[in-house]
Amino acid sequence: MEEQKVIVVQNSNLVGILAIVFAILGIFFLAIVFVPLAILLAIFATYKAVKKAGSLIVAIIAWILIIVAIATSPTLWVFLGISSAAASAM
């Protein structure tokens with residue numbers, strides 16, 4: 001008899017949910033701390049979603065909230081150099 005291999009894939013959205021939580025915290029509190037953490041977790045959540053081990057919707061929501069957090073944080077604007085570009089456009 002041949003032995004059969006059983007592969008168990010655990011679908012977990014924990015990383016994506018943590019990315020969403022950190023992005024929301026980045027919107028309302030210390031964006032300079034929480035947004036980079038949310039970006040790292042969102043990258044990992046997107047990777048898991050592409051590999052079919054997580055939800056793509058959760059990863060997309062995390063990325064949308066990260067964009068909102070960056071757009072509403074003047075500290076991150078300075079860090080990314082966006083504030084000087086916006087000032088020169090006016």
Side-chain angles (χ1 to χ4, degrees):
M1 280 192 170
E2 293 182 32
E3 292 185 28
Q4 295 180 350
K5 292 183 181 179
V6 177
I7 298 174
V8 177
V9 177
Q10 294 180 350
N11 293 339
S12 174
N13 292 326
L14 180 64
V15 180
I17 292 170
L18 284 175
I20 290 172
V21 169
F22 282 136
I24 291 171
L25 288 173
I27 292 171
F28 295 110
F29 298 109
L30 292 172
I32 198 74
V33 174
F34 292 118
V35 172
L37 290 172
I39 290 172
L40 291 175
L41 291 171
I43 289 170
F44 189 61
T46 305
Y47 175 76
K48 285 181 67 171
V50 169
K51 295 292 183 182
K52 305 291 185 208
S55 174
L56 185 60
I57 298 297
V58 173
I60 290 171
I61 292 170
W63 283 113
I64 291 170
L65 289 173
I66 288 169
I67 291 169
V68 170
I70 291 172
T72 59
S73 172
T75 307
L76 289 176
W77 291 359
V78 171
F79 182 69
L80 296 174
I82 296 172
S83 61
S84 62
S88 65
M90 293 183 163

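Treat the numbers as computed from the prediction; the structure is a model and nothing was measured. Heavy atoms only: backbone and side chains are in, while hydrogens, waters and symmetry mates are out.
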key: Heavy-atom donor-acceptor pair, Ser73 side chain to Ala69 backbone, under 3.5 Å   = no
remark   = Heavy atoms of Asn13 and Ser55 approach each other most closely as OD1-N, 2.8 Å
query = What closest approach, in Å, do Ala59 and Thr46 show between heavy atoms, and which atom pair accounts for it?
reply = CB-OG1, 3.8 Å
request  = Enter the distance from Ile32:CD1 to Leu37:CG here, rounded to the nearest 0.5 Å.
outcome  = 11.0 Å
request  = For Ile67, enumerate each residue passing the side chain to side chain contact (heavy atoms under 4.5 Å, CB included) test, keeping only those at least two apart in sequence or located in another chain.
outcome  = none
task = Might you point out which heavy atoms bring Ala45 and Val15 nearest each other, and give the distance in Å?
result = N-CG1, 3.9 Å
message = Run the side chain to side chain contact (heavy atoms under 4.5 Å, CB included) test against Leu25 and tell me which residues pass, sequence neighbours left out.
response = Val21, Phe22, Phe29, Phe34
inquiry  = For the CD1 atom of Ile66 and the CD1 atom of Ile43, what is their distance to the nearest 0.5 Å?
reply    = 8.0 Å
inquiry  = Please say yes or no: joined through hydrophobic side-chain contacts below 4.5 Å, possibly via intermediate residues, are Leu30 and Leu65 part of one cluster?
reply    = yes
ask   = Would a hydrophobic clustering, with Ile, Leu, Val, Met, Phe, Trp and Tyr connected at side-chain separations under 4.5 Å, put Leu14 with Ile24?
value = yes
inquiry  = Could you see if Val68 belongs to whatever hydrophobic cluster contains Ile57? Use Ile, Leu, Val, Met, Phe, Trp, Tyr and a side-chain cutoff under 4.5 Å.
reply    = yes
key: For the student: nearest non-hydrogen atoms of Ala19 and Leu41, plus distance   = CB-CB, 3.7 Å
request  = For Trp77 and Ile70, indicate whether the former's side chain and the latter's backbone hold a donor-acceptor pair under 3.5 Å.
outcome  = yes
ask   = Does Ile64 sit in a hydrophobic cluster with other residues, and if so which ones, taking ILVMFWY side chains as linked at heavy-atom separations under 4.5 Å, directly or through other members?
value = Leu56, Ile60
task = Taking all non-hydrogen atoms of both residues into account, name the closest pair between Ala42 and Ala62 and its distance.
result = CB-CB, 4.3 Å
